[in-house]
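Worksheet: the structure to be examined is printed underneath.
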There are 2 protein chains.
Amino acid sequence: MVYRGMTTDLNPNTMAAWVSLIRASERAVSQVEAVLKYQNLPPLSWYDALIEVEKSGATGVRPYELRERLLMPQYGTSRLLARIEKAGYIQRVPCSMDGRGHVVKITNEGKAVRKRMWPIYSNCIKNMVETNLTHLQADALRSLVDCVAVDKIR
Amino acid sequence: MVYRGMTTDLNPNTMAAWVSLIRASERAVSQVEAVLKYQNLPPLSWYDALIEVEKSGATGVRPYELRERLLMPQYGTSRLLARIEKAGYIQRVPCSMDGRGHVVKITNEGKAVRKRMWPIYSNCIKNMVETNLTHLQADALRSLVDCVAVDKIR
DNA sequence: TTTATATAGATGCATATGCATGTATGTTTT
DNA sequence: AAAACATACATGCATATGCATCTATATAAA
């Protein structure tokens, strides 16, 4: 009887799905990053931050809220915002409600660059997803990947 | 008539699939990395390299072949191998067939650590994929993500 | 065969990330 | 109100990554 590790083996379909999932997202992200860079535009992470900040409007958004929405570590958010601010696309102003914190707001330059990024970005998504999957398939894909790595609370 | 950018808008299903795909793979990878780190094991990229080197057996494998299989930049491969070698898990020996290159072989320590990583890694996959998707669904997921970001040659 | 060009791999430098910890302010407990 | 604790955010240090370039060898052209 051959020793097969502390767990029973993975089903081949499971393993294949795993490999394909990781590969696909790596391909996809690096593709978008390459195109953005080629167009002299900031990386994808800036887009995600800018769109959140822009959506927060004149009110602005707190870095910790951004951290929650973007699912990145606290120091990651801090430094990402520092870089984006340095580029002039956002402003960080002290928060009047909470002396510990800041409020982040988008600048006109920030709005402009986000607006320039969108057609490039969306075009990538179109090429990578929309041309390869029907809308029905896209929906099926979404509902399947939404089941991956979810924390089951019970 | 409102200007809507240089392209027509993305279908909502496409966009939703995109977002879910990226999020799922980020969750999944960071989950595996966290568990490996918690178990004082090397990162996922080491596993991928080690398994390829191990599969190459006594013959060994050339770094450029690894680069192709792992889909990483040349300098990335070079430095990843340098780190793994420093840890004693692989050996790089000059290639007798090609004076420019090297051949990479796994050491016994390398085999051992890869073997220790596998149950941890596969258990993550099991928790993240197998418990949430039937084998049929896993296969559907694989076939859908395999369509994403593929270069259509015509 | 000498010269040009391509390929394998390494590396200096700038930037990004992870980890731990620091500073400041807010909230809760006693 | 003082002390203890929690939260918001920044940062020093080590490591990792991207980019461009370098060295060495191989292959092709002249």
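To find a chain, count down the sequence lines: A is the first, B the second, and so on, and within it residues start at 1.
Nucleic acid contact for B:Arg92: sugar-phosphate only, since backbone atoms but no base atoms lie under 4.0 Å from a heavy atom of the residue. At the heavy-atom level, A:Gly101 lies under 4.0 Å from the strands shown only through sugar-phosphate atoms. Within the 4.0 angstrom heavy-atom criterion, only backbone atoms of the sugar-phosphate kind lie near B:Gly99; the bases stay farther away.
Checking C:dG26, C:dG18, D:dT17 against every side-chain atom of B:Arg79, the shortest atom distance belongs to D:dT17. Between D:dA8, C:dA6, C:dG9, one nucleotide has an atom nearer to the side chain of A:Arg100 than all others, and that is D:dA8. For A:Tyr75, the side-chain atoms get nearest to C:dT17 when compared with the rest of C:dG26, C:dT17, D:dC9.
Straight-line distance from the CZ atom of B:Arg62 to the P atom of C:dA10: 11 Å, rounded to whole Å. Here the C1' atom of nucleotide C:dA16 and the CH2 atom of A:Trp46 are 12 Å apart, to the nearest Å. The distance between atom CG of B:Asp98 and atom P of C:dA6, rounded to the nearest whole Å, is 17 Å. Here C:dA6 presents its P atom at 18 Å from OH of B:Tyr64, a figure rounded to the nearest Å. To the nearest angstrom, P of D:dA10 lies 14 Å from CE of A:Met72. Rounded to whole Å, the distance from CG on A:Leu80 to P on D:dA8 is 18 Å. The separation between B:Asn40 atom CG and C:dC19 atom P is 13 Å, rounded to whole Å. Across the protein-nucleic acid pair, B:Ile84 atom CD1 and D:dA16 atom P stand 11 Å apart, rounded to whole Å.
Under 4.0 angstrom from either OP1 or OP2 of D:dC9 there lies no side-chain N or O belonging to A:Arg67. In this structure, B:Arg83 reaches the D:dT17 phosphate: one of its side-chain N or O atoms is under 4.0 Å from OP1 or OP2. For C:dC19, one of the phosphate oxygens OP1 or OP2 lies less than 4.0 angstrom from a side-chain nitrogen or oxygen of B:Lys37. OP1 and OP2 of C:dG9 both lie 4.0 Å or more from every side-chain N or O belonging to B:Ser78.
A distance-only check finds a donor-acceptor pair linking the side chain of B:Arg27 to the backbone of A:Ala149 [under 3.5 Å]. A donor-acceptor pair is defined here as one N or O able to donate and one able to accept, closer than 3.5 Å; such a pair exists between the side chain of A:Asn132 and the backbone of B:Cys147. A:Arg92 places no side-chain N or O within donor-acceptor distance of the main-chain N or O of A:His102, the cut-off being under 3.5 Å.
Within a 6.0 Å sphere centred on CD of B:Gln91, other residues, nucleotides and ligands contribute 12 heavy atoms or fewer.
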Working for salt bridge (charged side-chain N to carboxylate O under 4.0 Å, His left out), residues A:Glu26 and A:Arg23 = CA-CA 5 Å; A:Glu26 284 175 356; A:Arg23 292 260 155 138; 5.0 Å; no
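No hydrogens or angles were tested; on distance alone, a donor-acceptor pair under 3.5 Å links the side chain of A:Gln74 to the base of D:dA10.
Along DNA chain C, the nucleotide nearest A:Gly76 and the nucleotide nearest A:Met97 are compared for position; the residue whose nucleotide lies closer to the 5' end is A:Gly76.
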